There are 2 protein chains.
Amino acid sequence: MNASSGTSDGNFDRRAEIVRVATALFLEKGYAAASLSRIAEEVGIRKASLYHHFPSKEALFVACATDGFEEAVVALAAIREDPSLTDEERLRRAIAQLYVINVDSNTGRMSPLIAEVSLRFPEVARAFRKEFIERQHAILMEILDRGVARGSFAAHDRLGVEHVIFGPVVNLCLSRQMFAPCEDLEDWLPVERIRDSHCDMVLRLVRAG
Amino acid sequence: MNASSGTSDGNFDRRAEIVRVATALFLEKGYAAASLSRIAEEVGIRKASLYHHFPSKEALFVACATDGFEEAVVALAAIREDPSLTDEERLRRAIAQLYVINVDSNTGRMSPLIAEVSLRFPEVARAFRKEFIERQHAILMEILDRGVARGSFAAHDRLGVEHVIFGPVVNLCLSRQMFAPCEDLEDWLPVERIRDSHCDMVLRLVRAG
DNA sequence: GTCTATACAAGGATAGAC
DNA sequence: GTCTATCCTTGTATAGAC
């Protein structure tokens, strides 16, 4: 009967805080180099106290890496269902949303980290694919299919278009992490300009007529 | 005056062997999780002997991560200069070579690793960009520019085309490492089919007329 | 739920013999 | 150039008091 956030023992907020801090540190340093001491320090508790919330570092990592898949794609699904949009505008919005998901959000920025640990945590890589990557692909492909059915888009090679849509997005996500130390990052890899130009290219490829 | 591989003290082969083994291990496990003990074991010497060839783990990593840039792009430069090719065929060959460089070779497969350590080794990230990434971009852009000058290709948005060319390649490199544990990898991400379809898309975007 | 204290393993690195 | 032996730090994890 308390007013807190959902569990009876009240440790929910602390657990979420640990996941938040740990996620940021895993993203910054990689799995092995992110230490529990440092995570505990940033949370403001002692290292041993982490073990009250998670049985091991591996379990903590799995919690961080499989958190937020659903939430990341809801806005994309909403764009697919929005009846007020034309097919062309829907595709534009969807591609723009891919940049938000994959370049701006922590979930999307996990890609290089998942690659690093894919052999050690194959089940995490699998979940990332099924619950995050393939959901985005399915939504985009359905937007295209519906446009083709309505005559807005021409028939096209689905595999090629899929990679031409997702390739530049994922490349930008990876490149911006690879070259984060470069001072000219924003000039070299300007998200908005790349995104808009990318949208134009995709529309030229799928537009009917 | 000996017949060996180029240095007077004859330790050249051992050093190269260490780099070879260490590179494979860094690629597989990441920087922090690849231990000197394991590297020494696979080379067949003791851990302490590594320090005769490299002063530290950091120095060994820098040697691994900055090795082979020149060699990786020579074939691409040769395609640019080949007078027997039409502009269209030259572009096709160049894009195909991007897949060889970035998906098949160790140098290209470094991308996720560079992302992992970019904050700790900013000079490595910088070298990777200047001596590897930007060289490839410059060669492709010059192939396109020459084609435009000769009327084979139409004028186009250079930034967008650049990302539509490199995006799918880098995405495939990253995805194949992320999902290496998946048994259906070859069916899900078939390099040749994706490459050919990708080439077709790019040519539709830049072709004149 | 958090703390102090501690066990235990592994990693990077050095000294000095051969 | 490689070895054995050793140092020191750090990391994950556990025990048990409060």
Side-chain angles (χ1 to χ4, degrees), chain A residues 2-26 28-65 113 116-117 119-121 124, chain B residues 2 4-65 113 116-117 119-121 124:
Chain A
N2 60 42
S4 81
S5 41
T7 56
S8 51
D9 58 0
N11 67 350
F12 197 79
D13 292 331
R14 179 50 58 86
R15 188 191 149 103
E17 169 72 359
I18 292 169
V19 168
R20 199 185 61 77
V21 166
T23 299
L25 217 58
F26 284 135
E28 182 189 324
K29 320 243 280 181
Y31 176 74
S35 72
L36 296 182
S37 327
R38 176 74 183 277
I39 293 168
E41 185 187 340
E42 291 193 13
V43 171
I45 59 177
R46 292 294 183 174
K47 188 170 47 166
S49 304
L50 292 174
Y51 286 87
H52 176 75
H53 301 277
F54 297 94
S56 66
K57 185 184 183 182
E58 298 202 347
L60 171 57
F61 176 75
V62 171
C64 293
L113 179 58
E116 181 204 340
V117 300
L119 295 177
R120 182 163 179 181
F121 296 93
V124 169
Chain B
N2 60 40
S4 81
S5 40
T7 56
S8 51
D9 59 0
N11 67 350
F12 196 79
D13 292 331
R14 177 51 57 87
R15 189 191 150 103
E17 169 72 358
I18 292 169
V19 168
R20 198 186 61 76
V21 167
T23 299
L25 217 57
F26 284 134
L27 282 174
E28 182 189 325
K29 318 242 282 181
Y31 176 75
S35 72
L36 296 182
S37 328
R38 175 73 184 278
I39 293 168
E41 185 187 338
E42 290 194 13
V43 171
I45 60 177
R46 292 294 183 175
K47 185 169 51 165
S49 304
L50 291 175
Y51 286 86
H52 175 77
H53 302 276
F54 298 93
S56 65
K57 186 185 183 180
E58 299 201 347
L60 171 57
F61 176 75
V62 170
C64 293
L113 180 57
E116 180 203 341
V117 300
L119 295 177
R120 182 164 181 180
F121 296 93
V124 168

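Note that the structure is predicted; figures quoted are calculated from it, not measured.
- B:H52 has its NE2 atom 19 Å from the P atom of C:dC18, to the nearest Å.
- A cation-pi arrangement is absent between B:K29 and A:Y31, since the terminal nitrogen or guanidinium carbon is not both under 6.0 Å from the aromatic centre and inside a 45° cone about the axis.
- When heavy atoms are screened at a 4.0 angstrom cut-off, A:S35 is found touching the sugar-phosphate backbone but no base atom.
- Across the interface with DNA chain D, nearest-nucleotide mapping of B:R46 and A:L36 shows B:R46 to be the residue nearer the 5′ end.
- Put simply, A:H53 has a side-chain N or O that comes within less than 4.0 Å of OP1 or OP2 on C:dT2.
- One finds no salt bridge joining A:E17 and A:R14 here, because no Lys/Arg side-chain nitrogen approaches an Asp/Glu carboxylate oxygen to under 4.0 Å.
- A donor-acceptor pair is defined here as one N or O able to donate and one able to accept, closer than 3.5 Å; such a pair exists between the side chain of B:K57 and the backbone of B:A34.
- What separates CD1 of B:I39 from P of C:dG11 is a distance of 11 Å, to the nearest Å.
- Note: CD (B:E58) to P (C:dG11) measures 17 Å, nearest angstrom.
- When each of D:dA13, C:dT2, C:dA13 is scored by its nearest atom to the side-chain atoms of A:I45, the top-ranked nucleotide is C:dT2.
- Side-chain nitrogen and oxygen atoms of A:S49 include none within less than 4.0 Å of the OP1 or OP2 phosphate oxygen of C:dG1.
- Across the protein-nucleic acid pair, B:R38 atom CZ and C:dG12 atom P stand 13 Å apart, rounded to whole Å.
- We find the CD-CZ distance between B:E41 and B:R46 to be 9.5 Å, quoted to the nearest 0.5 Å.
- Atom P of nucleotide C:dC3 and atom OH of A:Y51 are separated by 15 Å, given to the nearest angstrom.
- Residue A:E41 contributes atom CD, which lies 13 Å from atom P of C:dC3 at whole-angstrom precision.
- Between the CZ atom of B:F54 and the C1' atom of C:dG11 there is a distance of 19 Å, rounded to whole Å.
- Taking the six-membered ring where tryptophan is involved, the planes of A:F121 and A:F61 are tilted, since the angle between them lies from 30° to 60°.
- One interatomic measurement links the two molecules: NZ of B:K47 to P of C:dA10, which rounds to 11 Å at whole-angstrom precision.
- For A:A48, whose side chain is taken as the heavy atoms from C-beta onward, the closest listed nucleotide among C:dA13, D:dT12, D:dA15 is D:dA15.
- At the heavy-atom level, A:A33 lies nowhere under 4.0 Å from the strands shown.
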